[in-house]
Amino acid sequence: MISSRAKHRVFASGFRAIQALGADRWLAPAARGLGVILTFHHVSPDPVPAFAPNRLLRITPDFLDRTLRELDARGFEVIGLDAVPERLAAPDYGPPFAVLTFDDGYRDNVEHARPVLARHGAPWTLFVTSGYADQSGRLWWIELERAIARLDRVRIAIGARSLDLPARSPQEKALAFEALYRDLRRGTEADLLERIADLCRQAGLAPGAVASELCLSWAELRDLARDPAVTIGAHTVSHPMLAKHDAATAAREIVEGRARIAAELGREIRHLSYPVGDPTSAGPREFALAQAQGFATAVTTRPGHLFAEHAGHLHALPRVSINGCHQSRAALAGLLSGVPFLAWNRGRRLNVA
């Protein structure tokens, strides 16, 4: 199986090729569609350590600024998520649009992203996981990284298999993280959480302690919600991969997460982001649940730009992730052009199955 590092080398080469050929310009009219919803997670100026398997979820404030300047240079109008249904229903409206969305509810979004966004006058959406705002819940991908960072060997049982992996160097730690992440994602979420909790305890870490360190509290969110540039959306109660759970559990996560945010902030919550958001985490059942609950839109992490056809699929909207492993102008040019997704989606504008 191709490693994460090798995949990113392929992506980087592809972005450079698109830029060198000028395809980000001459194919953009067909590939760009009506607009794009961008996905962000962490925004931080801190240096990235040698072992940082979640670095793809973190960009610098300078790169966020560069993204906004590139959107302006390419003629995108940055709009709020509330305006998306109307814009999709009016394909001849005018310039392409971009929507800025931030998942999970991290404190660094306020500390480091908000000043950049305010400087550009850009509206943005923060999708809040209510359990994280309670300063609890499991950010398991960060727990896994931190546990492996502390351990010299990774010993864990996954199903009938027992893994015993060296984890002394950054390279060994990266290989151990990839192996565990891949295998744990294949199983149930309950098993994933239990196994990572075991690793945390081996490493002297408390499972569930990350949220209070990294995520905004309700008091901080109430202050943020007063900003007219910010739209608050729902991101469930506990950030589960919804498709791995029964329908009642999935519905409860969606409904209770939204209700808690609305009660704490005193505002209507009109938009949903599916946690993880790929086809193994959110599919037609989840799209129907979101629609039945009356959300105006719901967004996935299925990659792609927006076309007029998405007006009929407002609860399965694709997004384009701004990846911390590719903080370059070539990557931005490619992603904003929509060209890579012609190949990724095999020429299809819709990817909702």
Side-chain angles (χ1 to χ4, degrees), residues 1-8 41-44 46-59 103-108 129 131-217 235-241 244-245 275-278 280-281 301 321 323-325:
M1 180 177 290
I2 186 171
S3 71
S4 175
R5 185 172 297 183
K7 286 180 183 177
H8 287 301
H41 288 83
H42 294 282
V43 178
S44 172
D46 296 339
V48 178
F51 171 62
N54 290 307
R55 63 165 56 90
L56 76 166
L57 299 177
R58 187 172 82 172
I59 65 168
D103 281 7
D104 301 339
Y106 296 111
R107 190 170 286 115
D108 60 38
T129 301
Y132 298 163
D134 286 334
Q135 306 290 267
S136 61
R138 299 283 303 281
L139 289 88
W140 57 262
W141 55 99
I142 298 176
E143 291 180 352
L144 180 59
E145 177 178 340
R146 290 187 175 186
I148 293 174
R150 284 194 176 194
L151 296 168
D152 290 331
R153 296 198 72 82
V154 175
R155 296 180 175 91
I156 186 172
I158 302 178
R161 300 174 58 219
S162 292
L163 296 181
D164 186 350
L165 304 170
R168 291 177 296 274
S169 68
Q171 293 75 22
E172 287 180 343
K173 292 179 186 295
L175 291 172
F177 182 95
E178 281 195 39
L180 267 63
Y181 184 92
R182 181 178 63 245
D183 285 359
L184 289 169
R185 280 288 305 273
R186 290 195 185 111
T188 67
E189 191 149 25
D191 188 61
L192 176 151
L193 293 172
E194 184 179 350
R195 298 283 76 78
I196 293 176
D198 288 344
L199 279 179
C200 285
R201 286 186 282 268
Q202 290 178 39
L205 299 169
V210 177
S212 62
E213 175 191 344
L214 299 182
C215 296
L216 294 161
S217 67
H235 202 37
T236 72
V237 175
S238 66
H239 201 278
M241 291 171 273
K244 287 179 173 284
H245 298 269
V276 184
D278 67 352
T280 71
S281 306
T301 60
S321 178
N323 191 307
C325 296

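Fair warning: this is a prediction, and the values are worked out from it, not measured in the lab. Heads up: numbering here begins at 1 and tracks the sequence.
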Worksheet item: Are Pro275 and Pro240 side-chain neighbours, meaning at least one heavy-atom pair lies under 4.5 Å?
Response: yes
Item to complete: Tell me, with the steps shown, if Thr129 and Cys215 meet side-chain contact (heavy atoms from CB on, under 4.5 Å).
Response: CA-CA 9 Å; Thr129 301; Cys215 296; over 6 Å; no
Practice prompt. For side-chain contact (heavy atoms from CB on, under 4.5 Å), just list the numbers for Glu189 and Ser281, CA-CA rounded to whole Å, side-chain angles, deciding distance to a tenth of an Å, and then say yes or no.
Written response: CA-CA 11 Å; Glu189 191 149 25; Ser281 306; over 6 Å; no
Discussion item. One pair to check against side-chain contact (heavy atoms from CB on, under 4.5 Å): Leu184 and Ile158. What are the steps and the verdict?
Written reply: CA-CA 7 Å; Leu184 289 169; Ile158 302 178; 4.1 Å; yes
Worksheet item: Side chains of His235 and Asp104: closer than 4.5 Å at any heavy-atom pair?
Response: yes
Worksheet item: If we only count heavy atoms from C-beta on, is the Leu199 to Ile156 side-chain gap below 4.5 Å?
Response: yes
Practice prompt. Mind checking the CZ-CG spacing from Arg138 to Leu193? Nearest 0.5 Å is all I need.
Written response: 5.0 Å
Worksheet item: Hey, are the side chains of Leu180 and Arg195 touching, using non-hydrogen atoms and a 4.5 Å cut-off?
Response: no
Worksheet item: About how many Å separate CG of Leu205 and CD1 of Ile142, when rounded to the nearest 0.5 Å?
Response: 12.5 Å
Worksheet entry | pair Asn54-His41: side-chain heavy atoms closer than 4.5 Å | no
Worksheet item: So which heavy atom on Ser136 is nearest to which on Ala211, and how close?
Response: O-CB, 3.1 Å
Practice prompt. Could you tell me whether a side-chain N or O of Glu145 sits under 3.5 Å from a main-chain N or O of Ala52, the two making a donor and an acceptor?
Written response: no
Discussion item. Assess the residue pair Thr188 and Lys244 against the criterion (side-chain contact (heavy atoms from CB on, under 4.5 Å)); give the C-alpha distance rounded to whole Å, side-chain angles, the decisive distance to 0.1 Å, and a yes or no.
Written reply: CA-CA 7 Å; Thr188 67; Lys244 287 179 173 284; over 6 Å; no
Worksheet item: Once you round to the nearest 0.5 Å, how far does CG of Leu151 lie from CZ of Arg146?
Response: 14.0 Å
Worksheet item: Among side-chain atoms of Asn323 and Ser321, is any donor-acceptor pair under 3.5 angstrom?
Response: no
Worksheet, complete the sentence: Between Ala176 and Pro166 the two heavy atoms that sit nearest each other are CB-O, 4.3 Å
Worksheet item: Is the side chain of Ser212 donor-acceptor paired with the backbone N or O of Gln135 at a distance under 3.5 Å, no angle test?
Response: no
Worksheet entry | Heavy-atom check, side chain of Leu175 versus side chain of Leu165, under 4.5 Å | no
Discussion item. Do Trp141 and Leu57 have side chains that approach each other closer than 4.5 Å (heavy atoms only, starting at C-beta)?
Written reply: yes
Worksheet, complete the sentence: Minimal heavy-atom distance between Glu143 and Cys200, with the atoms involved, is CB-SG, 3.7 Å
Discussion item. Nearest 0.5 Å, please: how far is CZ in Arg185 from CH2 in Trp140?
Written reply: 5.5 Å
Discussion item. With a 4.0 Å cut-off on N to O distance, would you call Asp108 and Arg58 a salt bridge?
Written reply: no
Discussion item. So does Val48 get a backbone contact from the side chain of Arg55, meaning a donor-acceptor N/O pair under 3.5 Å?
Written reply: no
Worksheet item: Between Tyr132 and His239, what is the ring plane arrangement, given parallel below 30°, perpendicular above 60°, and tilted in between?
Response: parallel
Discussion item. If you define the side chain from C-beta out and look only at heavy atoms, does anything of Leu139 sit under 4.5 Å from Glu213?
Written reply: no
Discussion item. Under 4.0 Å between a side-chain nitrogen and a carboxylate oxygen: does that hold for Arg168 and Asp152?
Written reply: no
Worksheet entry | Over all atoms of both residues, closest heavy-atom pair of Arg155 and Arg153 | NH2-CD, 3.0 Å
